[in-house]
Amino acid sequence: MNLFALMARHGYALTFGLLLAEAIGLPFPAALALVAAGAAVAAHALWGPYVFLAAVSALLLGDTVQFWLGRYMGWGLLGFLCRVSINPETCILRSAESFYKRGKVTLVIAKFIPGVNTMAAPLAGSMKMRFWQFLQLDFAGALVYAITYLVVGYVSRDFLKAILSGFHAAGRAMEAVIVAALIVYAIYRIVQFRKHKVYRVVPRIQVQELAARLASEDANKVRIVDVRSHGYYDSGGERIKGSIRIEPNNLEEEIKNLPKDKDIYLYCT
């Protein structure tokens, strides 16, 4: 039984469950679920307002949970979410860069951006955004996201039906293609995981050890860099004495100004 047939039978619960799962960070096809639900509405198998309410409620609930987890767990949660990302070394940075360039309006469009959609709510929580402000922006984003894919499914019902009929006619050949695609994707994820495994272990130095080096004769060979991202940095706040500030969301340009003849130590939130 395909997703569209399931939608006709259990559409409201399936829509709510799949969107909630994606909102809390699980790799479920929320957009496809909305498209299928839209097609079911067009076929009069589901009632549009109930589907819309289920979708928006699930997104808001999942994002709210992520927001408060981000508020109290901070980088622990963000790190966990990034461990299932294909590119863990850019996972948080990409989301933070979106906040830096677009501001809080990122929450309105985040659900359309792979990677950012999972990180936006907990990142907003960890940045101490006011909850009611978050809720308003997230609600707007949920509305736009749900309406967009429901409309796509609604207007493309006949096209989707034709595609499914083709899949059914292809029979086992189509099943073999899908299985092969899943195997290739699994291999790709494994290769990417192994490739970026080095980024999961970051060399660290103890405060006492660095302080001792700064007090020694080779203190002039040390450069301390504040790399707190935009949402965590207070321009009026204190920094480690002698440190310089760079913006991690503009790293490609900032790194050109760092000295090549010194040991560089980074610190962040």
Side-chain angles (χ1 to χ4, degrees), residues 7 11-38 48-88 90-153 229-232 249 269:
M7 274 295 172
Y12 306 117
L14 197 57
T15 299
F16 183 88
L18 288 175
L19 267 67
L20 177 62
E22 188 193 54
I24 62 176
L26 299 177
F28 282 80
L32 180 58
L34 285 171
V35 171
Y50 282 174
V51 173
F52 182 72
L53 180 62
V56 173
S57 299
L59 292 172
L60 287 178
L61 176 60
D63 289 346
T64 298
V65 170
Q66 290 277 62
F67 175 87
W68 288 111
L69 287 175
R71 173 68 55 89
Y72 291 106
M73 296 177 62
W75 289 95
L77 174 64
L78 298 175
F80 170 77
L81 293 173
C82 278
R83 277 195 289 273
V84 298
S85 170
I86 291 179
N87 295 313
T90 63
C91 175
I92 297 176
L93 186 59
R94 184 181 182 187
S95 302
E97 182 179 9
S98 184
F99 270 93
Y100 176 68
K101 290 181 177 179
R102 303 179 182 90
K104 298 178 178 66
V105 74
T106 294
L107 289 167
V108 178
I109 62 173
K111 298 185 189 310
F112 294 96
I113 308 174
V116 178
N117 62 333
T118 300
M119 301 297 297
L123 193 59
S126 69
M127 288 180 172
K128 310 300 182 184
M129 181 185 292
R130 293 191 303 274
F131 176 65
W132 288 112
Q133 183 181 38
F134 162 80
L135 199 59
Q136 291 171 5
L137 293 169
D138 194 59
F139 179 66
L143 288 179
V144 174
Y145 183 74
I147 290 173
T148 299
Y149 284 107
L150 284 173
V151 169
V152 169
S229 58
H230 183 67
Y232 298 93
N249 298 311
T269 305

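Just so it is clear, the values below take in all heavy atoms, side chains as well, and ignore hydrogens, waters and symmetry mates. The residues of the chain are indexed from 1 along the displayed sequence.
- You'll find the ring centres of Phe16 and Tyr12 outside the 6.0 Å limit.
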For residues 54-65, dump all side-chain donor-acceptor pairs below 3.5 Å to protein atoms at least two apart in sequence or in another chain.
from: Ser57; atom 1: OG; to: Leu53; atom 2: O; distance (Å): 2.7
from: Asp63; atom 1: OD2; to: Lys111; atom 2: NZ; distance (Å): 2.3
from: Thr64; atom 1: OG1; to: Leu60; atom 2: O; distance (Å): 2.7

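- In terms of heavy-atom proximity, Gly125 sits nearest to Arg71 at O-NE, 2.8 Å.
- Looking only at side-chain heavy atoms (C-beta outward), Met129 and Leu107 come within less than 4.5 Å of each other.
- Counting all heavy atoms, side chain and backbone alike, Ala146 lies closest to Leu34 at CA-CD1, 3.9 Å.
- The aromatic rings of Tyr145 and Tyr149 sit perpendicular to each other, their planes meeting at more than 60°, with 30° as the lower class boundary.
- By the neighbour-count criterion of 12 heavy atoms within 6.0 Å, atom CZ of Phe112 is densely surrounded, having more than that number from other residues, nucleotides or ligands.
- Note that CG of Asp138 is 10.0 Å distant from CG of Leu143, once rounded to the nearest 0.5 Å.
- Ring pair Phe131/Phe67 is tilted by interplanar angle, where 30° to 60° counts as tilted.
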